[in-house]
Amino acid sequence: QDKEPIVFGGSIPLSGVFAFAGVHIHAGLTDYTSWINSQGGINGHPVKYVMEDTGYEVDRSVAAFKKITGSNKVPVYYGDSTGFMKTIASELNSRGTTLMSGASFATALTDNEQYPYQFIPGPNYSQMFGIILEYIATQGKDGEMPTVAFVYSDTEFGKDPIESGKAKAAEMGIEVVEEIVTKPGSVDVSAEILKLRRVRPDFVVFHGYVLSPINEFMVQMRQMGLDTQFMGTFWSSDKLIINKMGADADGYMGVMPYNYYDSAEGGPMLDALRAEAEKSDPDAGYRPTGYMQGWFNAMVWTEVIKRTMDAGKELTAENMAESLASIKDWDTGGIIGIPVSVQDMSFPVGRIWRVNAKEARYEPVSDWIHLD
Amino acid sequence: MDWLFFGEISLAGLAMGGLYALIGLGFVIIYKATRVINFAIGEIMMFAAYLFLTFAGGMEMSPWVALPLAVLGGSILGGVIEKTMIRPMLGESSISVVMVTIGIASILVGLVELIWGADPQLLPGFLPRKPVFIGEMYLAPKIAYGFLIGAALLIVYLLYFRFSRGGVALRATASDQAAAYSMGINVRRVFNMAWVFGSLAASLAGVLVAATGGLSPQFGAIGLSVLVVVIVGGLDSIVGALVAGVFIGWLETVAGAYLGGEYRMPATFAVLAVILVFRPYGLFGTHEIERV
Amino acid sequence: MSSILEINNLSLSFGGVKALQDVSFRVPENTVTTVIGPNGAGKTSLFNCISGFYKPQQGTIRYQGDVLADIKPPARAAMGLARTFQNIALFRGMTVLDNIKLGAHVHMKSGLLGSLAYFGAARREEMAVRKHVEQHIIDFLEIDHIRRQPVASLSYGLQKRVELARALAMRPKVLMLDEPVAGMNREEKEDMARFILDIREEWGVTVLMVEHDMGMVMDISDHIAVLNFGQVIMEGLPAEVQNNPQVIEAYLGTSDMDSLRKKLNSEREVA
Amino acid sequence: MEALLEIDNIEVVYNKAVQVLRGLSLRVPHGAIVALLGSNGAGKSTTLKSVSGLLALEDGEVTAGEIRFKGRPLKGVAPEKLVRNGLFHVMEGRRVFEDLTVEENLVAATYALSGRKNSLNDSYELVYDYFPRLRDRRKQLAGYLSGGEQQMLALGRALIAQPELIMLDEPSLGLAPQLVEEIFTIIARINREQGTAILLVEQNAAVSLAIASYGYIMENGKIVIDGPADKLATNEDVQEFYLGVGGKEGEARSYRDIKHYKRRKRWLS
Amino acid sequence: MRIGDAKQSYEADEAIWTSSTQKIWFALFLLTLLIFPFMADSYLLYLGCLVGIAVISTTGLNILTGFTGLISLGQAGFMGVGGYTVAWLSLNTALPFPVTLMLAGLLAAAVGILVGLPSLRVKGLYLAIATLAASVFLHFIFAEWESVTGGMGGLSLEPAHLFGLTFQSDFAMYFIIVPLAVLMVLAAKNVFRTRIGRAFIAIRDRDISAEILGINLLHYKLMSFALSSFYAGVAGGLFAYFFRVVTPESFPLSMSIFYLAAVIVGGMGNLLGGILGAAFMTLIPEVLKLLTAALTPFYPNAPIFMSPMLEIIFGALIVGFLIFEPHGLAEIWHRIRRFFSLWPFRN
Ligand SMILES: Nc1ncnc2c1ncn2[C@@H]1O[C@H](COP(=O)(O)OP(=O)(O)OP(=O)(O)O)[C@@H](O)[C@H]1O
Ligand SMILES: Nc1ncnc2c1ncn2[C@@H]1O[C@H](COP(=O)(O)OP(=O)(O)OP(=O)(O)O)[C@@H](O)[C@H]1O
Ligand SMILES: [Mg+2]
Ligand SMILES: [Mg+2]
């Protein structure tokens, strides 16, 4: 192969608060790259993955971006945070060379006016709330709508879908009986739990957390004898919850656009992913959702680049964005269980999964839900 | 107003405050002897909690063996830090030393990530899970028992400082190192012991706090709340740390419950600002002697 | 002789400690006036009251006829009340020259903007001060060789001299010296005595001094006030003070090393 | 006979750069009072600090020579060990613990007795007997004591430690004449009654030569003359530069008629 | 020491550059700064701008903490005030950047004065925590005052403009940031040649004596706060123009600590030290990353392994510096200079 390599760039949070996911995202991107190269690259172009650690800090992400794009031609790039994606947007727009996606499912990024060259590799957070609420609406007993409480972290990430979530709930006739804001991570939440004890919501939806304090809410509320159902969005629905909480995690539900690594389903791409993961690190065993996410990002990039090349167009951001928008009923080879279409630069699809603690895995409890 | 709710919230807050008091105590002991504001205290707590995780989780020891071992580990860490990084700073300006502790915090975070990885963790549950009711008021069991263990150590410390020469040696050393030497006080040992015992209190608190709230390399951020505690109480006052610890724990929780989680920090910092204006050395801190 | 400073019925206490009680005395213009008294008698506290650092509970201080009560310390400095401190209070992070220039602060006017730009009036003013300091103070006190050194590296005696220089840069009308020769040997004391006398004579400055070295106090003072337990027990000429039995009793003691030696020796023999 | 403290030819360097002592030697016999005089910056305090081991705290180092206390070399002995071994240094500027009370200051000094058998309460009383004023102020913060009282407290702490040698650095600094007398009388009494040897650094040459049995005078880091105290007191240069006696008739000079020139010191030639 | 210390006039003696060699070196330095953007790639250019912003902020903090002795952990908060001011003005007015930056500085200065008010009574580390409190409040305001600050999502800015020119690229921003940094450092240098600078230092060294010597403590402490936060405000404004977005998380506490570290590692109370510290602290992570990159071919896992190492090395550098070179980079710099000015006649 002597065709010019195509560079996948990335600002990857290998350290800092998001490192727990960053290392797996990195692995997903690395493995995808070696897989696609083993398939002959993209239209014969080999793929090179160039990344830097950012510590999940915006200025370091920007530095990484400038450095990587400064010494390579980078058509697609992985951004590690909403903050970074927003910060880099103006530069991205004026350069017009690079299409970007990443760890963020922020609702704001679906705004095509402001962020024409950034897309979301799944549903945005508001759409996740939508999927969750649609599921909740089906769970009413005796014709009554269940009640719900939102628990979210005091961060940009945490607050992202709350307004639209409330609006959507109101529209659907679901009462939001309590809203709780906490710091992310290790905090004492006894007081908040006492509040929830008063309102006894049927469902609690977590957003903006990874693990703590979800466990604390669940354990304490169950100790109090409440039979609340707990749910969470993408980054709160990792295997981590099962691994760390053990039996306490049983019954927790999450919304997830991709199949879990160990899900019962299959498909050519999902099998390829498993084989590649097995090959790169045989001891790793299960691969977390960050890995799936990294892989899926790279898959979309490949698809977009391929479509653009096949159309005989240059790899500019505008052309690639067009190719992206053209994706309709795309078969992801089992990564996502149904064919997907791009809407407003996102893939508004997902499924509700439920923890089976005995089996130590998530099991689907709903069909794939594609929002329109 | 729902008084039962208020009572429950207050109780939860007070219990958390007890742990703050314990950390504050660790902080104050170090400050009293060495005039070092230890910004790494949160990270020392974290380190001890990770040790506990290894002993009780990975190595499957009984938590009641793992707890003292982890606390011992944290204390040794404190002693080592003092010996290798704080002692050479003798005589430098207080802000330089503060900066050193900030550097130490960064080193510890890195070490923890290196050894235990970046994933958030939960400690194996070792405190009883049966809900505790005081009258009609519910109190989370972890917090209740955590508070009891912490209070036991607090009492031991208080008795020691009340009834031994140790307290005097500590303050003498803080006031003038050279003069303390010339009294026959082993200043290096006082420093070392202050760090060891300060870290001991912090380590115990670290395991207890992590047991309720979980653990991650960012755990050390709790140090910020403790900073408020010791400033409100007075940097060099043990009583101050106790009173302010309990008070700030209560205030944080009540503010969080009634105003919302985003008000926790501003509420405590507002109290801090008010106190500083009226009592520049905290509630119980000693005034610097200002003479010309 | 008119008095430049008049202290009337001054009282100051800290909690239970009565540092000054009903203190009244006057400092005649263009004299060397010395306040003596046992340790803890309130001498430094008196200086602090005059400087405005302590607020007396009662009494007034008149300076050139005006009552100082509500005037803040910096403003008093600007009015010509300069001083040195019992425990040397130089600014250790600055050179000798900057320390002295700092003394001129109150007589300078340039503001922040001028300062940022170092232009025009601000710059001219700095030059004028530099010139004044160099020509009148540094030369006079014979410290030209150390003007660029950081004060921290100086010996004790030189530090005291720089402190005096800084006070002189304040263009004092009344110069308050708190134990100017403590910790010095005879030779250095003599130098200091000469400066003090010259300052009074050549500069026409009134010197108000606190000092425990009786040899020097008696030799160079024109007027002495004696404080004991916060009260003035007498005022007068050196010779009068020296022979006052009350002063001897409270403060001076035998003041005679020969007799002290005899006393010690005899005690030694008894033992 | 072997002296209690022997300093042989020491050299001291600060910050690895500034040499302050250049071959200084002196000795303090058991139970004696020895005076060490010298102008500012001669290195008197440095000498004491190199004996008590506090030099290291200021980044100073003894680079040559030897110091022996009770016949044993002091090199490498930790400062607090020395104190417990009976060598007490009352530092320049009193250095009381300002935010401790008077009594707590005394308590702090009991650390000097670690490893020795002693009844503490008696020694407090002993201190209060020597310095009755401290008894009245025992609960007061030392920072608010007057200068003389602080000096008394500093001496009181030395008494608590029950040392064999007290090194006193300028005890008369800033004290009123009568207090100087009082302090020195007490120093003499302590020496006499407790048998404590005293190495006295002073600016006040008159009083120190009065109380000491032997004296050293140093300049520029070296001893320039030494001898029995009463001999020294009659030396012409000592009279001129330390006692202020001089001129034609051997009378006290007045500060009023100081000449604007300086005489050369003979021992510098 | 250079020979020829004798000066013709006091004027010449008080100049910033007292010898012609110094003047030549400074001119060369300015020339380098001018040529740099034409030679550098976008990454270096980006770093250059970042260092420029850091220099301004560090110099400001140095005035307050290094020279006046008032420890502040509020620097990021003050920068935030500047950043949000510029952001809001760029969205709601058509003011050109010199005006918006000026206003950013002034508003930050006003906030600084407010925060400085307790400094008359509250001292040392207590004051540090009081400033920390201020930055917590500011963060709260940034996050909650949605109508002005855009809440957690923050604000996206229009690019800086002047006379119809827009400054969008890093290249263009460089020509705003770096000259401003040079100017502001020189202005700070000037301050310390005059009474105001001396008053600051006097307050740091002994505040009570300073008051008795005629320095109005409150006045000068507040002035120091104002000046320092003015610098922070301008730096924050530049930060906003540079990144073109501000959120509450753009100005975290760690940023305040970063600048404090820069001041200390550089050398407190030394302007040159502040500059060196700012550059050092900004560049050190980049250098460490280069190291990682060099290792990656041999250890593919190097990035994962190196990330925690980065934190360790970062902390160790701070600790090591303070232990082995407590007077900071400035001291090292002086030593190097002394070495070369004596070279080849070493002693
Ligand atoms: N800030 C203060 N707080 C409490 N007491 C004080 C304060 N300043 C002075 N005093 C007390 O006031 C009395 C007078 O003190 P002052 O320093 O004026 O004495 P002095 O005459 O200068 O003594 P010396 O000759 O030792 O310097 C002392 O008893 C002292 O303890
Ligand atoms: N920590 C130090 N670092 C550097 N130089 C020092 C230090 N301490 C003292 N010196 C220098 O050593 C010399 C001797 O100082 P020392 O304090 O021993 O003198 P001294 O005889 O006690 O004087 P004084 O009568 O003023 O107390 C002085 O020149 C002083 O500047
Ligand atoms: Mg006094
Ligand atoms: Mg001395």
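The sequence lines fix the lettering, A, B, ..., with proteins before strands; numbering per chain opens at 1. This is a predicted model, so every value here is computed, not measured. Only heavy atoms go into these numbers, but all of them, side chains included; no hydrogens, no water, no symmetry mates.
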Enquirer: At what distance, to the nearest 0.5 angstrom, does CE of C:Met184 lie from CG of D:Leu173?
Expert: 10.5 Å
Enquirer: Sequence neighbours left out, what passes salt bridge (Lys or Arg N to Asp or Glu O under 4.0 Å) with C:Glu163? Give chain and number order.
Expert: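 Here the qualifying residues are C:Arg166.
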Enquirer: Tell me, for D:Gln140 versus chain C, whether the close heavy atoms (under 4.5 Å) come from the side chain, the backbone, both or neither.
Expert: side chain
Enquirer: For D:Ala176 and C:Pro38, which heavy atoms make the closest approach, and how far apart are they?
Expert: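 Answer, listing the atom of D:Ala176 first, then C:Pro38: CB-CA, 3.8 Å.
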Enquirer: State, to 0.1 Å, how close D:Gln178 and C:Ile248 come at their nearest heavy-atom pair, and which atoms those are.
Expert: NE2-O, 4.3 Å
Enquirer: Please look at C:Ile220 and chain D and tell me whether the side chain, the backbone, both or neither of the residue comes under 4.5 angstrom of a heavy atom of that chain.
Expert: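 For C:Ile220, backbone and side chain are both near chain D.
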Enquirer: Any heavy-atom pair between the side chains of C:His212 and D:Val180 that's under 4.5 Å?
Expert: no
Enquirer: I'd like to know which of D:Leu175, D:Leu179, D:Val18 tops the heavy-atom pair count under 4.5 Å against chain C.
Expert: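 Answer, by heavy-atom pair count under 4.5 Å with chain C: D:Leu175.
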Enquirer: For residues 86-93 of chain C, tabulate all N or O donor-acceptor pairs below 3.5 Å that involve a side-chain atom, not counting sequence neighbours.
Expert:
residue : atom : partner  : partner atom : Å
C:Gln86 : OE1  : C:Thr44  : OG1          : 2.8
C:Gln86 : NE2  : C:Glu179 : OE2          : 3.4

Enquirer: I'd like to know whether CZ of C:Phe229 has more than 12 heavy-atom contacts from other residues, nucleotides or ligands below 6.0 angstrom.
Expert: no
Enquirer: I need the residue from C:Glu211, C:Met218, C:Met192, C:Met216 with the largest number of non-hydrogen atom pairs under 4.5 Å to chain D.
Expert: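 Answer, by heavy-atom pair count under 4.5 Å with chain D: C:Met216.
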Enquirer: Do you know which of C:Gly183, C:Gly40, C:Gly215 has the most heavy-atom pairs under 4.5 Å to chain D?
Expert: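 Greatest number of close heavy-atom pairs with chain D: C:Gly183.
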Enquirer: Keeping C:Asn39 on the side-chain end and D:Gly174 on the backbone end, is there a donor-acceptor pair under 3.5 Å?
Expert: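 Present.
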Enquirer: Checking C:Val181 against chain D: side chain, backbone, both or neither under 4.5 Å from a heavy atom?
Expert: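 Looking at C:Val181, nothing touches chain D.
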